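This report refers to the structure that appears directly beneath it.
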Amino acid sequence: MKQLVKERIIIFIQQCCVLKLSEDFYIHAYNTISYFCRMSTKKVRVRFAPSPTGGLHLGGVRTVLYNYLFAKQNNGDFIVRIEDTDQTRFVAGAEEYIFKCLEWCGLTPDESPLHGGSYGPYRQSERKENYRKYAEELVEKGFAYYAFDTAEELEAKRKEIANFQYSQHTRSSMKNSLTLSAAAVETLLNNHTPHVIRIKMPENEHISFTDMIRGEVSFNSSQVDDKVLLKADGMPTYHLAVVVDDHLMQISHAFRGEEWLPSAPVHILLWQYLFGLENMPQWAHLPLILKPDGNGKLSKRDGDRLGFPVFAMDWTDPKTNETTTGFKEKGFLPEAFVNMLAMLGWNDGTDKEIFPLQELVEKFSLDRVHKGGAKFDYEKAKWFNHEWIKKLPTANLQWQVAGLLKAGGIQVSDEHALEKVIAITKERCTFLNDFTEQASFFFKRPAIIDIDAVRPKWNEQKNLFFTELIRTYRLTQFWQAADLEKDFKEIAAVNTIKPGELMLPLRIMLVGGKFGPGVFEIAEILGKEETVSRIEHVLSLLEH
RNA sequence: GGCCGGUUCGUCUAUCGGCUAGGACAGCCCCCUUUCACGGGGCAAAGACGGGUUCGAUUCCCGUACCGGCUACCA
């Protein structure tokens, strides 16, 4: 059935050609129709292809996210392929780190070096043998050539000619299989002379494709240089590797950052030469995430400079031993981090901003992804986190807060109390780490008491009030916030002191500082003994 | 410089030719709250510019400006 439709479409296209419609029309119609043909037949397979050279940038995580959302929405596979073709940039631990970040975000790959799959290996360094034959096939077909120029020679050229590019305009003056005799090339090759394989960009050819986000994008091949496909060390460059592996791994849709747009014509040509355009994945070039101030791509340095994380998790550079704080360690919830990233360049068309991952899977659509880059707004990121802390059920926060308190030397034994504490403090926590300040005093008498907030206005009358309060609290049968407040106000009235004069002292006695939830709610959770004891303690401090 | 892409409040964005241009973050003010928050209400704040097309352009087209990306045997 599908085959039949396909054949009819081809006939239609041929008729269009007979009608002498413009070439652009033909190309566009072909792209569109072949896209639909593939959509109906091919399983959705997407890939995130990071280069393990350091911390995982938030832009990278967003690319992962969009890949993931698209795959899951279409019952497809999400693959992680490690692009480690540059051996000079190998960084120990970077790969493991990437997977830890993905795990934290809850974006689990279906296939990867860690998760397995039937299209492995998933590290390009382990697929080295694959690439040379494709590069040589291109040479044989006349679409590529050997180049023997040394690094020094190239550097000299660049010095000599401003904006030098190895291209159809300059290749005739270089040392390559197009300028050298066949015998000379043969000799050089036999002598294992270091060489690369470069694509031979055709002259004045119109190259275009339909980007899922930007629509039709076109280039003229004369403007594109002869990119290296296979390096002297036998490793492929990104250009060759991405095409070969996307083909071998049956990738149906390829998402990547906008910075790749200029090299798209190289990839398209490679697809055309090697595997056929009809098998090429659909491209989507994602908008960039920009610096909040000034301009340009957001970088790790901007985070350092402006005081916010850029990496998903803490990253320690193995060379300098320097650690860069990540969103996780800063106190972000993965739900909030993912939600925030999703909204940086996408929306569902309504005013809704808070989305759990599952809902993103359902609602995500590429045609609602923005074309323009977005400046990163840390304030908004914090807002997302705050919203998620408030939204998440207490139970989901409990173990994390317990961990935080434990790190601060507080072992929580009363789970029920912790639950109550989280419930009444979470609205004032922007970061998970804020729970340390907001919750600690419930379980441990405050080490620092802001006595100066009380002392200036302290007097004997107040002293008597609190003494009486202690007496009353000791005797009370009901230890509920409402009752405690009632008793408090009654005693205040009898002593003719405004409750307002006494609330802050009580807060300081129980909390240590001017923060926290309602003071009687705090007392309720602290319990009779602890509340009375803390009041007595501060009272004794005030006597001196 | 060349090529490619982009351009709505300070920021993220809505609008798929009818706009008194909506929402959110941040800012400011008020209410609630005898802490800090949460919450509620309000204020201020935008279509880069110039041409077309159209009864009507933020929306479509073309220029210009500006911003960004790329221009490595890095990804």
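Lettering follows sequence order; numbering is per chain, from 1. As the structure is a computational prediction, the values presented were derived from the model and not from experiment.
- A donor-acceptor contact shorter than 3.5 Å links the side chain of A:Ser221 to the backbone of A:Pro202.
- A donor atom on one side chain and an acceptor atom on the other are not found under 3.5 Å apart for A:Glu419 and A:Thr394.
- A:Lys371 places its NZ atom 14 Å from the C1' atom of B:rU15, with the value rounded to the nearest Å.
- B:rG23 atom P lies 16 Å from atom CE of A:Met343, rounded to whole Å.
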A correct 5'-to-3' footprint of nucleotides 28-45 of chain B, with B, S and - meaning base, sugar-phosphate only and no protein heavy atom under 4.0 Å, is ------BBBBSS------
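- Using a 4.0 Å heavy-atom cutoff across all strands shown, A:Ser218 reaches sugar-phosphate atoms only and no base atom.
- Residue contacts for A:Val242: at a heavy-atom cut-off of 4.0 Å it reaches no nucleic acid atom on any strand shown.
- Only the C1' atoms considered, B:rA21 is 9 Å distant from B:rA46, to the nearest whole Å.
- When Watson-Crick and G-U wobble pairs are counted only if both distances are under 3.5 Å, B:rC25 pairs with B:rG10.
- Anti is the classification of B:rC16, since its glycosidic angle lies more than 90° from 0.
- A salt bridge is absent between A:Asp377 and A:Lys380: the closest approach of a Lys/Arg side-chain nitrogen to an acidic carboxylate oxygen does not fall below 4.0 angstrom.
- Under the Watson-Crick or G-U wobble criterion, with both distances below 3.5 Å, B:rU34 is left unpaired in every strand shown.
- Side-chain atoms of A:Asp245 and A:Tyr131 include a donor-acceptor pair closer than 3.5 Å.
- Remark: B:rG47 base-pairs with no nucleotide in the shown strands. Criterion, Watson-Crick or G-U wobble with two distances under 3.5 Å.
- B:rA14 and B:rU59: their P atoms are spaced 15 Å apart (whole Å).
- Across B:rC66 and B:rC73, the matching P atoms stand 31 Å from one another, rounded to whole Å.
- Relative ring orientation between A:Trp346 and A:Phe364 is described as tilted, the plane-to-plane angle lying within the 30° to 60° band.
- The closest side-chain donor-acceptor pair between A:Thr350 and A:Asp348 falls under 3.5 angstrom.
- Taking atom CE of A:Met340 as the reference point, atom P of B:rU11 lies 18 Å away to the nearest angstrom.
- Between A:Arg368 and A:Asn347, the side chains place a donor N or O and an acceptor N or O closer than 3.5 Å (distance only, hydrogens not considered).
- For the C1' atoms, the distance linking B:rC9 with B:rU58 amounts to 13 Å, nearest Å.
- For the pair A:Arg198 and A:Tyr166, the cation sits on the ring face: its NZ or CZ lies under 6.0 Å from the ring centre, inside 45° of the axis.
- Nucleotides B:rU64 and B:rU7 place their C1' atoms 13 Å apart, quoted to the nearest Å.
- Summarising the geometry, the separation between CD1 on A:Ile213 and P on B:rG5 is reported as 14 Å, rounded to the nearest angstrom.
- In this structure, CZ of A:Arg368 is placed 17 Å from P of B:rC12, rounded to the nearest angstrom.
- Distance, A:Lys375 NZ to B:rA26 P: 19 Å, rounded to whole Å.
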| said: Go through it in stages, so that I can follow the logic: the residues are A:His195 and A:Tyr145, the test is ring pair (Phe, Tyr, Trp, His ring centres under 6.0 Å), and I'd like the CA-CA distance, side-chain angles, deciding distance and then a yes or no. | reply: CA-CA 10 Å; A:His195 63 277; A:Tyr145 57 91; over 10 Å; no
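- Distance A:Leu306 CG to B:rA26 C1': 15 Å, rounded to the nearest Å.
- Distance, A:Gln223 CD to B:rG1 C1': 12 Å, rounded to whole Å.
- Searching all strands for a Watson-Crick or G-U wobble partner of B:rC3 with both distances below 3.5 Å returns B:rG69.
- B:rU54 is unpaired under the criterion used here, namely a Watson-Crick or G-U wobble arrangement in which both key atom distances are under 3.5 Å.
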Given protein heavy atoms under 4.0 Å, the one-letter contact record of nucleotides 63-75 of chain B, with B base, S sugar-phosphate only and - none, is simply ----SSBSS-BBB
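- The aromatic rings of A:Phe327 and A:Phe332 stand perpendicular to each other, their planes meeting at an angle above 60°, with 30° marking the opposite boundary.
- Using a cutoff of 4.0 Å between basic side-chain nitrogens and carboxylate oxygens, A:Lys382 and A:Glu379 are scored as salt-bridged.
- Among the heavy atoms of the strands lying under 4.0 Å from A:His370 are primed sugar atoms or P, OP1, OP2 only; no base atom is included.
- Judged by distance alone with a 3.5 Å cut-off, no donor-acceptor contact links the side chain of A:Lys380 to the base of B:rA26.
- To the nearest whole angstrom, the two P atoms, one in B:rC55 and one in B:rA48, are 25 Å apart.
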